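Please read the structure below before turning to the comments.
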Amino acid sequence: MVVLVDDDVAIAYGQMYVDSRAPADRDGDPWPFVGQRNGLCGAAEPGYLFLKTATHTGHVPLTVERHDEDPPLAAFWEDVVEVSFRPATAETWLLQWDMSRSWRLDLEQRDYRARYCAYGWDFAEGDDDEDSEEQYLLQFWPAPPAEDRLVRQESRGGEHLAARF
């Protein structure tokens with residue numbers, strides 16, 4: 001396992017992104033959740049992931065990992081979804097909402113499964129709170145494309161996970 005990011009990410013509108021699209025392909029508003037079964041990690045736009053958070057505005061701790069195979073899922077995580085992801089270019093970035101900070105993700109151009117895990121959704125809905133227990137984990141491992149999957153939904157705020165697109 002390789003840790004690609006372990007940092008606090010600035011959030012606005014409850015959003016952060018993984019983007020590997022070429023600049024010419026970034027025009028217009030993406031529709032990342034169209035046809036999906038979850039509303040936590042949008043992956044309908046090739047080379048792009050739209051990651052939702054409970055915090056509307058503030059900072060959240062995020063760890064991004066790359067694995068050689070499907071990692072075990074810890075019982076700690078309350079809300080978990082899995083989606084397919086394939087980088088569209090040789091460069092993949094984790095981006096804050098306002099794009100003022102980014103982290104390069106060392107991912108090859110191949111098919112991955114991405115697992116997005118959340119803890120503390122019910123503690124953090126709204127603006128930044130120093131007492132929030134909110135945490136996020138994004139894991140990648142090589143896998144063939146498959147439909148998105150709601151793996152676990154335990155928080156009261158979990159209705160945000162059910163996409164209605």
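Atoms considered below: every heavy atom in the structure, side chains included; atoms not considered: hydrogens, waters and symmetry mates. This is a predicted model, so every value here is computed, not measured.
- With rounding to the nearest 0.5 angstrom, the OG atom of S20 is 10.0 Å from the CZ atom of R86.
- In this structure, V2 is a member of the same hydrophobic cluster as L105, with clusters built from ILVMFWY side-chain heavy atoms closer than 4.5 Å.
- Remark: side-chain polar atoms of E78 are not paired, donor with acceptor, to backbone N or O of A118 under 3.5 angstrom.
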Begin with the C-alpha distance, continue with both residues' side-chain angles, and end with the deciding distance and a verdict on side chain to side chain contact (heavy atoms under 4.5 Å, CB included) for F85 and L138. CA-CA 12 Å; F85 177 74; L138 179 61; over 6 Å; no
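- Atom OG1 of T53 and atom CG of L62 lie 10.0 Å apart (nearest 0.5 Å).
- Annotation: ring pair (Phe, Tyr, Trp, His ring centres under 6.0 Å) contacts of W97 (sequence neighbours excluded): Y13.
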Please walk me through it: do Y119 and L137 pass side chain to side chain contact (heavy atoms under 4.5 Å, CB included)? CA-CA 9 Å; Y119 173 81; L137 171 67; over 6 Å; no
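- By the rule that hydrophobic residues join a cluster once side-chain heavy atoms approach within less than 4.5 Å of another member, V3 and W103 end up as members of separate clusters.
- Salt bridge R66/D106: present, at least one basic N to carboxylate O contact under 4.0 Å.
- Closest of all the heavy-atom pairs between E134 and A54 is OE2-N, 3.1 Å.
- In this model, a donor atom of one side chain and an acceptor atom of the other lie less than 3.5 Å apart for R113 and S84.
- Atom OG1 in T63 sits 9.5 Å away from atom CD in Q139 (nearest 0.5 Å).
- Distance check, rounded to the nearest 0.5 Å: CG of L107 to OG1 of T89 gives 10.5 Å.
- In this structure the side chain of R115 reaches within 4.5 angstrom of the side chain of W141, judged on heavy atoms.
- Residues W93 and R21 are not in side-chain contact: their nearest non-hydrogen atoms beyond the backbone lie 4.5 Å or more apart.
- Inter-residue side-chain proximity for P144 and D111 is flagged as unmet; no heavy-atom pair is nearer than 4.5 Å.
- In plain terms, the two heavy atoms of D79 and W121 that are nearest each other are OD2-CB, 4.0 Å.
- Residues L73 and C117 are in side-chain contact: their nearest non-hydrogen atoms beyond the backbone lie under 4.5 Å apart.
- Taking OH of Y112 as the reference point, atom CD of E82 lies at 16.0 Å (rounded to 0.5 Å).
- Ring-plane geometry between Y136 and Y116 is classed as parallel, the angle between the planes falling under 30 degrees on a 0 to 90 degree scale with a further cut at 60.
- Summarising the geometry of L49 relative to C41, their closest heavy-atom pair is CD2-SG, 4.1 Å, with the distance given to 0.1 Å.
- Distance check: E147 CD to R149 CZ gives 11.5 Å after rounding to the nearest 0.5 Å.
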